[in-house]
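All values reported here derive from a predicted model rather than from experimental measurement.
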Amino acid sequence: MSDTDNEKPKLGMRAPLGVKRTVETGQVKQSFSHGRSNTVIVETKRARVLRRPGEPDVQVADAAPVAAPAPAAAPAAPAPQARAPQPAPAPVRQQQSNLSPQERQAKLLREAEEQRMNTLEEGRRRQEAERAKAIEDERNRVADRARAEAEAKAPKPVEAPAPAPAPVVEAAPAPVAAPTPAPAPVEASVAAAPAPAPVAAAPAPAPKPAPVVAAPAPAPKPAPAPVAPPAPPPVIELTRDPAFPAPRRFSPVARPERPPPPPKPVAAPAAAAPTTAANAGTTAARPGATGVNAPAGGVRRDAVPARPQQRDRKGDDRRTSGKLTVNRALGDGDGARARSLAALKRAREKERRGTGGPREAQAKQIRDVVVPEAITVQELANRMAEKGADLVKALFKMGMPVTMTQTIDQDTAELLVTEFGHNLTRVSDVDQDLANDTIDDAEETLKPRAPVVTIMGHVDHGKTSLLDALRGTDVVRGEAGGITQHIGAYQVTLKDKSKITFLDTPGHEAFTQMRARGADVTDIVILVVAADDGLMPQTVEAIAHTKAAGVPMIVAINKIDKEGANAQKVRERLLSEEIVVEDMGGDVQDVEVSATKKIGLDALIEKIQLQAELLELRANPDRAAEGTVIEAKLDKGRGPVATILVNRGTLRVGDIFVVGGESGKVRALVDDKGKQIKEAGPAMPVEVLGLSGVPQAGDPFQVVENEARAREVAEYRRSVKTDKRTASVPASLESMFSALKEKQAIEYPLVVKADTQGTVEAIVGAINKISTDLIKARVLSSGVGGITESDVTLAAASGAPIIGFNVRPNAKAREIAERQKVAFKYYDVIYDLIDEIRAGMAGELGPEAFETVVGRADIREVFSAGKHGKAAGLLVTEGNIRKALKARITRNDVIIYQGEIASLRRFKDDVAEVRAGLECGVTFTSNFVDIKAGDVLETFEVEMRERTL
């Protein structure tokens with residue numbers, strides 16, 4: 001049922017009062033291919049026309065109506081009185097209570113800036129208009145002067161009397177609101193001379209323009225002619241056609257608009273056609289001037305039709321006048337569209353370029369290009385300061401189709417550099433690396449620095465406890481398992497304001513490389529030995545590292561407060577390692593201390609300071625920093641973090657550095673107490689943030705001049721490591737046999753992740769030591785940081801467990817591991833890790849079988865047993881023969897059968913066991929009948945034992 005059924009009148013009912021609907025709704029059925037159809041609702045909108053009571057209906061059509069011709073002579077209608085122009089209402093300011101004070105302030109500042117820019121723009125346009133007017137006036141004066149000179153030279157002809165033009169009464173046009181301000185009314189005058197009258201310039205717009213209704217003026221009196229004038233033509237009065245509705249008179253509020261730009265100056269004609277009053281009247285009464293249907297009449301037939309003016313679409317705002325924009329919504333009624341700041345800047349830049357003239361061509365800069373043995377096209381373009389596309393184009397012309405990222409050799413790069421006019425400097429790959437600066441600094445630049453002291457010794461001898469007693473901290477409580485598994489760097493300030501830098505090394509056997517690094521970067525080594533335990537394997541190893549580094553040693557005999565402590569026994573035991581203390585006539589200092597009771601700490605500090613004075617430790621702080629990586633890790637919130645011990649120079653925030661195969665820029669420096677500092681001097685340990693990756697512990701740290709140099713050195717070092725890792729060894733018989741032997745061994749794959757680089761290094765070394773000839777541990781991947789999705793994917797592909805040392809997987813990694821059945825093993829003590837990996841590798845091999853011989857017997861005779869079987873008559877020579885034991889038969893020391901004893905009889909009775917010296921008969925499983933006299937029977941038991949590595 002359609003909506004139009006409700007509009008039909010019904011009997012006995014009055015039609016309801018209301019406005020007719022302007023939207024009619026209907027349904028249209030659409031047909032498509034393959035028998036498909038669709039029904040859509042179509043709405044037809046009609047224009048709503050509002051009329052005053054008594055006015056006839058006016059059909060609205062798209063085309064303009066044609067005006068009916070006016071009668072030749074119509075009675076003069078009384079002139080309608082002109083209404084006084086009503087004052088324009090003040091613009092209503094919109095309520096903006098929804099704006100915050102900050103938004104209101106920003107809006108006011110924006111409006112002030114726009115007003116200032118509009119004022120500047122109007123001033124600029126006014127100057128241009130004045131300049132154009134001055135140029136036009138000058139042209140007119142030149143033309144007038146030339147015309148006057150021509151008239152003075154030419155003879156004067158007899159002038160005929162000019163006929164008086166017919167006065168025309170202006171019709172009152174209907175006022176319509178226009179986007180531009182309405183100009184003041186101008187009365188049409190009668191032209192008395194053929195010379196054209198100059199057109200006055202448009203007046204400036206008023207601040208509140210209002211349309212003015214022109215009243216019909218009385219007919220002007222004819223001007224007297226100097227000579228006998230002819231009879232004037234009949235006067236044609238323009239009146240309003242009563243068939244048309246009366247024009248609507250209202251005073252709309254016009255939007256303030258900026259005046260349109262002045263027209264371009266046009267050359268003045270030599271002689272302008274005289275403008276008649278009829279033409280003026282026609283122009284004034286032309287429909288379309290006001291946008292409504294004005295009555296047509298009183299137009300002379302001989303009048304020349306005026307050429308329609310071209311509308312300036314740039315300045316025409318009618319197309320966007322009804323749209324709501326952000327500026328119009330935020331503005332207080334002033335919808336004038338102003339030029340943006342960017343447009344003004346572009347216009348001024350264009351003017352400046354136009355007035356500045358053509359720019360001079362800059363001279364090509366010749367550069368010294370450093371080219372290594374291999375370089376990419378993009379990097380070569382950067383060093384030459386040329387476009388990469390130009391280099392690719394030149395290579396294409398040479399017959400080398402390459403891309404920007406491809407690598408070219410040094411000779412090709414030389415051709416390119418020479419073609420582009422630069423100078424070439426060849427360098428080898430070795431020249432790309434930073435050379436170690438072994439030149440000593442000048443004596444006047446050296447300043448005293450703090451000594452670096454490394455504490456070494458066996459595990460659980462009290463190294464960290466001694467350092468805690470010196471620092472006044474409690475690091476031991478936070479260590480897993482009560483042992484140190486990372487290398488730590490601390491700086492202690494003493495009572496006399498002097499400083500000492502301590503390095504705490506682990507004592508476990510797996511951390512050999514950490515102890516070696518600690519001995520390499522230190523000035524003094526403190527060898528901690530427990531008085532109740534004596535020298536242990538790691539103590540001997542620490543002594544060897546100290547001797548290799550060539551640094552002085554101080555022996556600290558700890559735990560003297562415990563029962564059974566014997567310091568003299570420790571001194572005597574040190575003699576076997578060629579360590580002679582001062583009490584025994586040597587040059588090595590020793591001190592008895594107790595970390596828990598804080599006994600002998602002052603004496604230890606005194607001996608450290610005395611040894612530092614003898615070494616005269618000095619460094620130059622006013623140079624580029626150099627140092628060594630003590631430890632490195634991957635922090636979840638801060639990224640790669642490296643603990644650096646500055647050897648010389650001063651490291652500052654913002655320095656660009658290279659450390660091993662990584663580079664970066666110092667983003668922050670953190671001391672051992674967790675405080676951020678701006679710089680770090682010599683012998684100061686700091687944590688450096690801003691690395692591109694996690695470096696290896698022990699890598700050298702150097703500050704370089706720029707980032708390009710840092711990236712170049714880091715890439716070269718990474719390539720060298722890759723070449724070493726992937727380099728193939730020349731084949732030989734020994735290598736081939738070793739490869740075959742390795743292939744026979746079972747591989748035990750592992751993925752190792754730990755919290756620091758030194759710990760990863762220690763774990764991988766300990767795992768490799770577990771490997772045997774039967775099974776070999778293979779570390780697929782090792783790294784620093786949490787367990788990621790890539791680690792789980794790698795482990796799932798090879799069936800390897802993931803070893804996490806003080807790290808955990810993220811949520812995504814756990815989800816993938818559950819789906820692909822990957823095992824996680826978490827550890828925080830290196831003892832447990834190594835023991836479980838060893839047990840896992842042994843379990844992979846399975847239990848080991850051990851044979852135990854139970855008895856031996858000689859076969860004397862062979863008897864028939866059944867239709868096809870045979871039985872052996874035995875004489876037991878060793879041990880005993882039991883039923884259901886495994887047995888093997890040898891003939892001439894060659895095994896011909898291995899199985900089990902099926903039955904054991906002595907005479908005709910089944911027995912369970914026959915001892916040595918007795919005879920018996922046996923049959924074997926599998927119906928083995930190839931038995932001969934003289935064979936030897938051996939029985940044995942197989943014991944399965946759990947394998948250990």
Side-chain angles (χ1 to χ4, degrees), residues 440-441 443-456 462-475 487-505 518-528 546 549-556 558 582 587-595 598-623 625-628 630 643-652 669-687:
D440 296 334
D441 296 319
E443 287 293 332
E444 59 272 10
T445 61
L446 300 179
K447 296 181 181 179
R449 65 170 178 85
V452 180
V453 180
T454 301
I455 300 179
M456 305 176 69
K463 300 182 298 298
T464 306
S465 300
L466 180 60
L467 183 58
D468 286 341
L470 294 174
R471 297 176 61 221
T473 58
D474 192 5
V475 177
I487 187 169
Y490 314 96
Q491 193 168 51
V492 178
T493 303
L494 305 178
K495 297 179 181 179
D496 57 353
K497 303 302 180 181
S498 61
K499 295 182 179 181
I500 299 177
T501 300
F502 287 99
L503 298 181
D504 185 15
T505 59
D520 290 338
V521 300
T522 190
D523 300 320
I524 303 171
V525 171
I526 296 180
L527 182 66
V528 179
T546 305
V551 294
M553 177 191 305
I554 299 176
V555 178
N558 196 12
E582 291 180 344
D587 56 350
V588 178
Q589 302 182 77
D590 68 309
V591 57
E592 299 179 2
V593 296
S594 173
K598 293 182 172 52
I599 300 174
L601 299 181
D602 295 337
L604 179 60
I605 293 295
E606 183 179 352
K607 291 182 181 297
I608 293 174
Q609 290 178 332
L610 177 61
Q611 188 67 47
E613 289 180 3
L614 294 176
L615 294 175
E616 296 182 356
L617 303 174
R618 295 188 300 170
N620 179 17
D622 302 326
R623 56 163 296 164
E626 294 181 3
T628 307
I630 302 299
T643 302
I644 305 296
L645 178 64
V646 181
N647 297 334
R648 55 179 179 176
T650 301
L651 181 62
R652 297 178 176 85
L669 295 175
V670 183
D671 61 2
D672 59 324
K673 301 177 183 60
K675 299 180 181 179
Q676 289 196 10
I677 56 178
K678 297 296 183 182
E679 59 182 22
M684 184 175 182
V686 289
E687 286 187 346

Legend entry - Asp468 CG to Tyr490 OH distance, which is reported to the nearest 0.5 Å: 7.5 Å

Inset, instruction - Any chance you could lay out the side-chain contact (heavy atoms from CB on, under 4.5 Å) test for Leu604 and Ile526, step after step, and finish with the verdict? - result: CA-CA 9 Å; Leu604 179 60; Ile526 296 180; 4.2 Å; yes

Inset, instruction - Could you tell me whether the side chain of Met684 reaches within less than 4.5 Å of the side chain of Leu651, counting heavy atoms only? - result: no

Inset, instruction - Carefully, step by step, assess Thr546 and Val551 under the rule side-chain contact (heavy atoms from CB on, under 4.5 Å). - result: CA-CA 6 Å; Thr546 305; Val551 294; 3.9 Å; yes

Could you go through residues 605-615 and list every donor-acceptor pair under 3.5 Å that involves a side-chain atom there, pairing it with any protein atom two or more places apart or in another chain?
| unit_1 | atom_1 | unit_2 | atom_2 | d |
| --- | --- | --- | --- | --- |
| Gln609 | NE2 | Ser498 | OG | 3.3 |
| Gln611 | OE1 | Gln589 | NE2 | 3.1 |

Legend entry - Heavy-atom pair of closest approach, residues Pro682 and Asn647: CB-O, 3.8 Å

Legend entry - Rounded distance [0.5 Å steps], CG in Leu446 versus CG in Leu617: 11.5 Å

Inset, instruction - Could you tell me whether a side-chain N or O of Thr454 sits under 3.5 Å from a main-chain N or O of Thr522, the two making a donor and an acceptor? - result: no

Legend entry - Donor-acceptor under 3.5 Å (Thr501 side chain, Ala683 main chain): yes

Inset, instruction - Rounded to the nearest 0.5 Å, what's the gap from CD1 on Ile644 to CD on Glu687? Could you check? - result: 10.0 Å

Inset, instruction - Would you please name every residue forming a salt bridge (Lys or Arg N to Asp or Glu O under 4.0 Å) with Asp523, sequence neighbours left out? - result: Arg449

Inset, instruction - Determine yes or no for a side-chain-to-main-chain donor-acceptor pair under 3.5 angstrom, with Thr650 supplying the side chain and Pro621 the backbone. - result: yes

Inset, instruction - Keeping the roles fixed (side chain from Asp672, backbone from Gln491), state whether a donor-acceptor pair exists under 3.5 Å. - result: yes

Legend entry - Lys495, NZ: over 12 other non-hydrogen atoms inside 6.0 angstrom: no

Inset, instruction - First locate atom CG of Asp602, then atom CG of Leu470, and finally report the distance between them rounded to the nearest 0.5 Å. - result: 9.5 Å

Inset, instruction - Indicate yes or no: at least one non-hydrogen side-chain atom of Val593 is less than 4.5 angstrom from one of Leu466. - result: yes

Inset, instruction - Show the numbers, then the answer: is there a side-chain contact (heavy atoms from CB on, under 4.5 Å) between Asp504 and Lys463? - result: CA-CA 7 Å; Asp504 185 15; Lys463 300 182 298 298; 4.2 Å; yes

Inset, instruction - Can you establish whether the number of heavy atoms outside Asp496 located under 6.0 Å from its atom CG is more than 12? - result: yes

Legend entry - Point-to-point distance, once rounded to the nearest 0.5 Å, from CG of Asn620 to OG1 of Thr445: 4.0 Å

